[in-house]
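Below is one structure, written out as structure tokens, with a few remarks after it.
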2 protein chains.
Amino acid sequence: MGNSKLYKGSLNTIILKLLDENGKMYGYEITQKVKALSGGDLNITEGALYPALHKLEAEGLLEVEVAKVDNRLRKYYKLTESGEKETVNRLAELEDFIRSMQKLVNPNWSID
Amino acid sequence: MGNSKLYKGSLNTIILKLLDENGKMYGYEITQKVKALSGGDLNITEGALYPALHKLEAEGLLEVEVAKVDNRLRKYYKLTESGEKETVNRLAELEDFIRSMQKLVNPNWSID
DNA sequence: TAAATATACATAAATTTCTTATGCATAAAA
DNA sequence: TTTTATGCATAAGAAATTTATGTATATTTA
């Protein structure tokens with residue numbers, strides 16, 4: 001990411017969850033969505049995003065569908081069945097992480 | 001860490017906050033404290049902890065005091081003045097991260 | 001009492017994940 | 001017509017970690 005607001009490892013979880021919500025998305029679309037949802041706060045760099053997408057695909061969590069729109073290439077990614085299961089795990093891990101951090105660094109925080 | 005529950009970058013924040021709460025701690029004590037507070041969920045590996053402590057010290061955020069207890073060496077770390085200020089910043093960043101993840105992956109979570 | 005575990009530090013090699021810097025190409029806007 | 005936006009990609013380097021060791025003393029267990 002362009003700034004220091006995200007912890008390493010969280011990018012994959014973001015990608016998986018966005019795909020889970022939106023069915024299918026292409027790389028550039030993901031960067032814009034993250035920027036929009038975070039109010040311009042978070043910038044996913046291409047150097048981080050594309051390798052991450054390729055790796056998730058190599059792991060069998062995503063599958064690709066190439067399309068040509070306005071004479072420009074797009075690679076639509078969507079979750080595989082295995083990817084959907086893994087998304088559930090990753091989100092649970094994120095919740096665990098947040099709860100752990102809550103206990104460790106701030107007993108005043110909590111998750112609803 | 002020995003598990004996949006922690007996002008990279010969070011270790012420093014954990015160390016700073018624990019020292020802020022407990023005044024002074026030594027490395028092994030930190031690993032045990034994290035294990036206890038997380039219910040055995042989180043394991044800080046020595047390979048991650050000691051280099052992190054050395055780096056925080058080199059940055060001037062921690063200072064060391066060596067002690068010998070039961071004929072065994074202990075290195076007590078505590079926050080410097082600069083370390084106390086930085087702890088506030090790191091905790092704020094962690095809050096920002098959690099709020100960002102909340103918006104991105106689960107609109108149902110919130111921080112009190 | 002010998003062996004295993006706990007306490008306590010440390011570092012080095014490899015891996016993962018990210019940033020920064022490029023590169024290519026087309027479309028739209030200034 | 002030059003800049004910005006759209007859209008992909010990779011390579012070099014940095015940062016934080018894992019995994020694998022190494023050393024040493026104290027305590028527990030078989």
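Order of the sequence lines fixes the chain letters, A, B, ..., with proteins taken first and strands second; residue numbering starts at 1 for each chain. From a predicted model like this one, the values you see are computed outputs, not experimental measurements.
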Distance check needed: [N] [atom2] versus [X] [atom1], whole Å only.
X	N	atom1	atom2	answer
Lys35(B)	dA8(C)	NZ	C1'	14 Å
Tyr76(A)	dT6(D)	OH	P	14 Å
Leu56(B)	dA15(D)	CG	P	14 Å
Arg74(B)	dA8(C)	CZ	P	4 Å
Phe97(A)	dT17(D)	CZ	P	10 Å
Lys68(A)	dA27(C)	NZ	C1'	13 Å
Leu73(B)	dT7(C)	CG	C1'	12 Å
Leu53(B)	dC9(C)	CG	C1'	11 Å

Please check the phosphate of [N] (OP1 and OP2 only) for any side-chain N or O of [X] closer than 4.0 Å.
X	N	value
His54(B)	dC9(C)	no
Lys75(A)	dA9(D)	yes
Lys8(B)	dT15(C)	no
Lys55(A)	dT16(C)	no
Tyr50(A)	dT10(D)	no
Arg72(B)	dT25(D)	no
Tyr28(B)	dA6(C)	no

**Asked** Hey, do the aromatic rings of Tyr7(B) and Phe97(A) have their centres closer than 6.0 Å?
**Response**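 Yes - the distance between ring centres of Tyr7(B) and Phe97(A) falls below the 6.0 Å cut-off.
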**Message:** At 4.0 Å (heavy atoms only), tell me whether Gly47(A) reaches a base, stays on the sugar-phosphate, or touches nothing.
**Reply:**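 Base, at least one base heavy atom under 4.0 Å.
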**Request:** Without swapping roles, check the side chain of Ser38(A) against the backbone of Val34(A) for a donor-acceptor pair under 3.5 Å.
**Result:** yes
**Asked** With nearest nucleotides of DNA chain D determined for Val69(A) and Leu49(B) from heavy-atom distances, which residue corresponds to the more 5′ nucleotide?
**Response** Val69(A)
**Message:** Are the side chains of Met101(B) and Ile14(A) in contact, using a 4.5 Å heavy-atom criterion?
**Reply:**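 Sidechains of Met101(B) and Ile14(A): in contact.
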**Asked** Are Lys78(A) and Glu65(A) ion-paired here, with the side-chain N under 4.0 Å from a carboxylate O?
**Response** no
**Asked** Taking NZ, NE, NH1 and NH2 as the nitrogens, is one of them in Glu29(A) or Lys33(A) under 4.0 Å from a carboxylate oxygen of the other?
**Response**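 Looking at Glu29(A) and Lys33(A), the cut-off is not met.
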From the set [options], return the single nucleotide nearest to any side-chain atom of [X].
X	options	value
Pro51(B)	dT11(C), dC8(D), dC18(C)	dT11(C)
Glu46(B)	dG7(D), dT26(C), dA8(C)	dA8(C)
Asn71(B)	dA9(D), dT19(D), dA26(D)	dA26(D)

